[in-house]
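Here's the structure we're looking at; comments come further down.
Numbering of ligands and ligand atoms starts at 1, following listing order. Atoms considered below: every heavy atom in the structure, side chains included; atoms not considered: hydrogens, waters and symmetry mates. Numbers here are sequence positions counted from 1.
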Amino acid sequence: AKLNQLAKSKGKLYFGTATDNSELSDTGYTAILDDNTMFGQITPANSMKWDATEPEQGQFTFSGGDQIANLAKSNSMLLRGHNCVWYNQLPSWVSSGSFTAAQLTSIIQNHCSTLVTHYKGQVYAWDVVNEPFNDDGTWRTDVFYNTLGTSYVSIALNAARQADPNAKLYINEYNIEYVGAKATSLLNLVKTLKSQSVPLDGIGFQCHFIVGQVPTGLQSQLSTFAAQGVEVAITELDIRMTLPSTPALLQQQKTDYQNTIAACSAVEACVGVTVWDWTDKYSWVPNTFSGQGAACPWDQNFAKKPAYDGIAIGF
Ligand code: XIL
């Protein structure tokens, strides 16, 4: 069976992948991407981010995002909106602007509201806030936090809820897959938001892992967050290695993918798994982590790696 079929047969909503607009002209790539028995869910890797959707204040461009949304629709795949508010890939009018609290509040409200409204009815879940914390558990001191303190999170979540009451609203984060200061800060934020009845439905675990270093506490962390009354999802899975890849590394990677999938499988509130692109040909890893790569379940020639079988076994 193919991976989305397998995921669904085990009670998950989907197995999915990130994709990007520039990849869609590669017919070898789309031949595999377009199969919804393999991928039941799509996340745009870049084209719904703030720099892509509101490059100048009040001027919205949805052409890239629409291409991905239309692909999801024509293939009957769920769509994950990514993302509304993030410190990275911001247009400079936001990142280097100096705003009063009132001004930035309405900028966030207008961005979230216009973006989420545009895709209303088409999105299963939105990453409303992406990566709010530093690894040491302190808040990222970006323009949002510096101007509004922690209140920017509820401002964004409330605007998104109003714009599309049926979309699941997530906070998405990395390095929360094991017990530590960052996970504790996020858990405390979830508790606070829930106690204040701020709309929050889910926590995304990015899961950008390293071969041989998949956190053993992943399943327990998924359960710990779910116990706060949210669903959870693995939203950006890849498992990188120091290049060149070897048969031994590929076998370890298979085990690592299997264990990661099994953690989601074992937690009822874990709704699905998304890989951060399915082929090494289009992985973000080599561009970001020098000397590392081969992080995806298919190689750069679209051949399945041992990791593919690891995912299948993990479900
Ligand atoms: C990455 C994209 O894949 C790249 O193409 C881009 O150059 C940088 O961003 N966490 C996230 C994603 O939430 O948005 C990032 O995506 C990867 C890390």
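- Of all atoms in ligand 1, numbered sequentially from 1 with element shown, those under 4.0 Å from a heavy atom of Gln206 are 10 (N), 13 (O).
- Remark: ligand 1 and Asn172 share no N or O pair separated by less than 3.5 Å (distance only, no angle test).
- Counting heavy atoms from C-beta on, the side chains of Asn46 and Gln89 come closer than 4.5 Å.
- For ligand 1, the polar-atom distance check finds no N/O of Trp86 at less than 3.5 Å from any of the ligand's N/O atoms.
- The protein heavy-atom contact nearest to atom 9 (O) of ligand 1 is Lys49 NZ, 3.1 Å.
- Ligand-side atoms of ligand 1 in range of Gln89: 8 (C), 9 (O), range being under 4.0 angstrom from any heavy atom.
- The shortest N or O to N or O distance between Glu236 and ligand 1 is under 3.5 Å.
- Taking the ring axis of Tyr124 as reference, the NZ or CZ atom of Arg80 does not stay both within 45° of it and closer than 6.0 Å to the ring centre.
- Using a distance-only test at 3.5 Å, with no hydrogens or angles considered, a donor-acceptor pair links the side chain of His208 to the main chain of Glu236.
- On a distance-only criterion, Asn46 and ligand 1 share at least one N/O pair closer than 3.5 Å.
- Between Asp26 and Lys281, at least one side-chain N (NZ, or NE/NH1/NH2) sits under 4.0 Å from a carboxylate O, which counts as a salt bridge.
- Heavy-atom proximity to Asn130, at under 4.0 Å, picks out these atoms of ligand 1: 11 (C), 13 (O).
- For residues 226-279, the pairs satisfying disulfide bond (SG atoms under 2.5 Å apart) are Cys264-Cys270, with sequence neighbours left out.
- Heavy-atom proximity to His82, at under 4.0 Å, picks out these atoms of ligand 1: 11 (C), 12 (C), 13 (O), 14 (O).
- For Lys2 and Phe39, the positive end is not near the middle of the six-membered ring at less than 6.0 Å and at most 45° from its axis.
- In terms of the ring-ring contact (aromatic ring centres under 6.0 Å, His included) criterion, residue partners of Tyr119 (sequence neighbours excluded) are, by chain and number, Phe62.
- At the shortest separation from atom 3 (O) of ligand 1 among protein heavy atoms lies Trp276 NE1, 2.9 Å.
- With respect to His111, the ring-ring contact (aromatic ring centres under 6.0 Å, His included) criterion is satisfied by exactly one of Trp50, Tyr152, Trp86: Trp50.
- The atoms of ligand 1 that sit less than 4.0 Å from any heavy atom of Glu131 are 10 (N), 11 (C), 13 (O).
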